[in-house]
Chemist: 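Quick one: the structure is below, questions incoming.
Everything numeric here is computed off the predicted structure, so don't read it as measured data. We name chains A, B, ... by the order of the sequence lines, and we start the count at 1 in each one.
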Protein chains: 2
Amino acid sequence: MVSDPEARFQHLVEKVRQRGGRLTPQRVAILRILAASKGHPSVEQIYEQIQDDFPTTGIATIYKTVALLKEMGEVLELGFADGSNRYDGNRPTPHPHLICTRCGEIQDLDVPGLDEFLAQALVQISPETDYAIHSHRLDLYGVCQKCRAAGSRDSPAE
Amino acid sequence: MVSDPEARFQHLVEKVRQRGGRLTPQRVAILRILAASKGHPSVEQIYEQIQDDFPTTGIATIYKTVALLKEMGEVLELGFADGSNRYDGNRPTPHPHLICTRCGEIQDLDVPGLDEFLAQALVQISPETDYAIHSHRLDLYGVCQKCRAAGSRDSPAE
DNA sequence: CTTCATGCAAAACATTTGCAGCTGG
DNA sequence: CCAGCTGCAAATGTTTTGCATGAAG
């Protein structure tokens, strides 16, 4: 279901190139992290990871690159009420997420039949509301196994 | 589908009272606005509205009251990637929203069969992921009639 | 009277912006 | 070369916090 990180990385590189964007070492490193990440990192987390390879990288550079990818539709942005944003660089098309409200873990999810269900629902909804729908978001919130075992208190995302 | 504003207001008042919270004039005004609002106001918008009745009210008071209601599960919070949060004080239970990505308008939505669909999907998902799911969020993003007519550029929420 | 809430201002964050200097192509 | 990117610092915007004063119950 999730594309091969290397292939995805190559795809991102190609997209940026096509757009006339430069492939600086920092930018390439960001693309690599996003393409490989399974955990829907925040900008802060990307920033920390990149320190290993390019310790001088400023956080503004991460923001700028993520904004570029967002604009190109190559990254999916998930915003939360506490102000934290997380990014999915593997699958930029809307897809459901499973989110632990204790530790903040975010997993991709497959809900069989979701797209069909939504498509069918839209047939009824669109005429009535007169919206041109182009995207969606489905989150399921819960508590993951680890957190239930630990038995602590709530806190992060949503 | 949306409860009577007055009834909802009474309900909120009662809940706050039960919890041992005080019913100051400012707080009552906030409850009234939230109970009546159809447009999923931001804190800022509540703040502006309340100036008519209580011009000295500080915005921190709004934040505190909204946090109280959130903690009691009497308001639904919708967070967006641009940092803006919007609140639904009518229907605190998760339900789908239709969101215009140009003007930021948020409408409640009925997707017939959604709850059944999700419930059935969870039967398959839960065992496999081992999450205890307690909530969800479904947004549909599009462009509303007015904005399409105006034909401007994108910008706000998501 | 005794909390708890208010309202102000300061602090805390996350994100954006401006700009001089650097560098990929 | 030179347009676009970097990295720093300052600016912005939102939400939280601390605390003295005030009022609900």
Side-chain angles (χ1 to χ4, degrees), chain A residues 12-33 40-48 50-51 53-72 75 77-87 104 155-158, chain B residues 12-33 40-48 50-51 53-72 75 77-87 104 155-158:
Chain A
L12 291 179
V13 166
E14 191 47 36
K15 283 287 178 182
V16 170
R17 197 197 310 278
Q18 279 171 22
R19 196 186 179 282
R22 282 186 192 160
L23 291 166
T24 64
Q26 296 91 329
R27 189 172 274 185
V28 170
I30 296 168
L31 297 188
R32 200 183 293 284
I33 290 170
H40 304 76
S42 63
V43 164
E44 191 65 33
Q45 288 166 335
I46 299 173
Y47 179 63
E48 282 161 20
I50 214 174
Q51 297 305 307
D53 299 301
F54 300 93
T56 67
T57 309
I59 201 161
T61 298
I62 321 279
Y63 277 106
K64 285 165 187 165
T65 298
V66 166
L68 175 73
L69 293 173
K70 206 189 337 176
E71 180 206 306
M72 298 193 303
V75 84
E77 185 177 48
L78 295 176
F80 295 97
D82 67 350
S84 63
N85 286 345
R86 308 276 294 261
Y87 299 89
S155 68
E158 203 85 335
Chain B
L12 290 179
V13 166
E14 192 47 36
K15 283 286 179 181
V16 170
R17 197 197 310 277
Q18 279 171 20
R19 195 186 179 281
R22 281 183 191 163
L23 292 165
T24 64
Q26 295 92 328
R27 189 170 275 185
V28 169
I30 296 168
L31 298 187
R32 199 182 294 281
I33 289 170
H40 305 76
S42 64
V43 163
E44 191 66 32
Q45 288 166 336
I46 299 172
Y47 178 64
E48 282 160 21
I50 215 174
Q51 298 305 308
D53 300 302
F54 300 93
T56 67
T57 310
I59 200 162
T61 299
I62 321 279
Y63 276 105
K64 285 164 186 167
T65 298
V66 167
L68 176 73
L69 293 173
K70 203 188 343 174
E71 180 206 305
M72 299 193 305
V75 84
E77 185 178 47
L78 294 177
F80 295 97
D82 68 348
S84 64
N85 286 344
R86 308 276 295 263
Y87 299 90
S155 69
E158 203 84 339

Chemist: Keeping the roles fixed (side chain from A:E71, backbone from A:L68), state whether a donor-acceptor pair exists under 3.5 Å.
Modeler: no
Chemist: Among the candidates D:dG25, C:dT6, D:dG7, find the nucleotide nearest to the side-chain atoms of B:L23.
Modeler: D:dG25
Chemist: What is the distance, rounded to the nearest whole Å, between atom CD of A:E71 and atom C1' of D:dC5?
Modeler: 15 Å
Chemist: Counting only side-chain N and O atoms of A:Q26, is one of them less than 4.0 Å from OP1 or OP2 of D:dG7?
Modeler: yes
Chemist: Using atom OH of B:Y47 as one end and atom C1' of C:dC8 as the other, report the distance to the nearest whole Å.
Modeler: 10 Å
Chemist: Atom CD1 of A:I46 to atom P of C:dA14: distance rounded to whole Å?
Modeler: 14 Å
Chemist: So, applying side-chain contact (heavy atoms from CB on, under 4.5 Å) with B:T57, which one of B:I62, B:I46, B:T24 is it?
Modeler: B:I62
Chemist: Has A:N85 got a side-chain N or O lying under 4.0 Å from the OP1 or OP2 atom of C:dA14?
Modeler: no
Chemist: Spell out, as yes or no, whether a donor-acceptor pair under 3.5 Å connects the side chain of A:R17 to the backbone of A:L23.
Modeler: no
Chemist: Can you find a heavy atom in the side chain of B:L12 that is under 4.5 Å from one in the side chain of B:K15?
Modeler: no
Chemist: Return the value, rounded to whole Å, for the distance between atom OH of A:Y63 and atom C1' of D:dA11.
Modeler: 15 Å
Chemist: Please answer whether the main-chain N or O of B:T65 pairs with a side-chain N or O of B:R27 as donor and acceptor at a distance below 3.5 Å.
Modeler: no
Chemist: With a non-hydrogen cut-off below 4.0 angstrom, is B:T24 in contact with a base, only sugar-phosphate, or nothing?
Modeler: sugar-phosphate
Chemist: A:Q51 has an atom CD; how far is it from atom P of D:dT6, in whole Å?
Modeler: 14 Å
Chemist: What is the distance from NZ of B:K64 to C1' of D:dT17, rounded to the nearest Å?
Modeler: 8 Å
Chemist: Can you check whether any acceptor in the base of D:dG4 is under 3.5 Å from a donor in the side chain of A:R22, or vice versa?
Modeler: yes
Chemist: Taking the nucleotide of DNA chain D with the closest heavy atom to each, which residue, B:K70 or B:G21, is nearer the 5' end?
Modeler: B:K70
Chemist: Would you kindly give the CZ-to-P distance between A:R19 and D:dA3, to the nearest whole Å?
Modeler: 17 Å
Chemist: Remember a base hit wins even if backbone is also touched, and classify B:G20 as base, sugar-phosphate or nothing at under 4.0 Å, heavy atoms.
Modeler: nothing
Chemist: Between A:F54 (CZ) and C:dT23 (P), how many Å, whole number?
Modeler: 13 Å
Chemist: Both B:R17 and B:A60 contact DNA chain D. Which one's nearest nucleotide lies toward the 5' end?
Modeler: B:A60
Chemist: What does A:I59 touch in the nucleic acid at a heavy-atom separation under 4.0 angstrom: a base, only the sugar-phosphate, or nothing?
Modeler: nothing
Chemist: Does B:T61 put a side-chain nitrogen or oxygen below 4.0 Å from OP1 or OP2 of C:dG7?
Modeler: yes
Chemist: Got a donor-acceptor pair under 3.5 Å from the side chain of B:R27 to the base of C:dA5?
Modeler: no
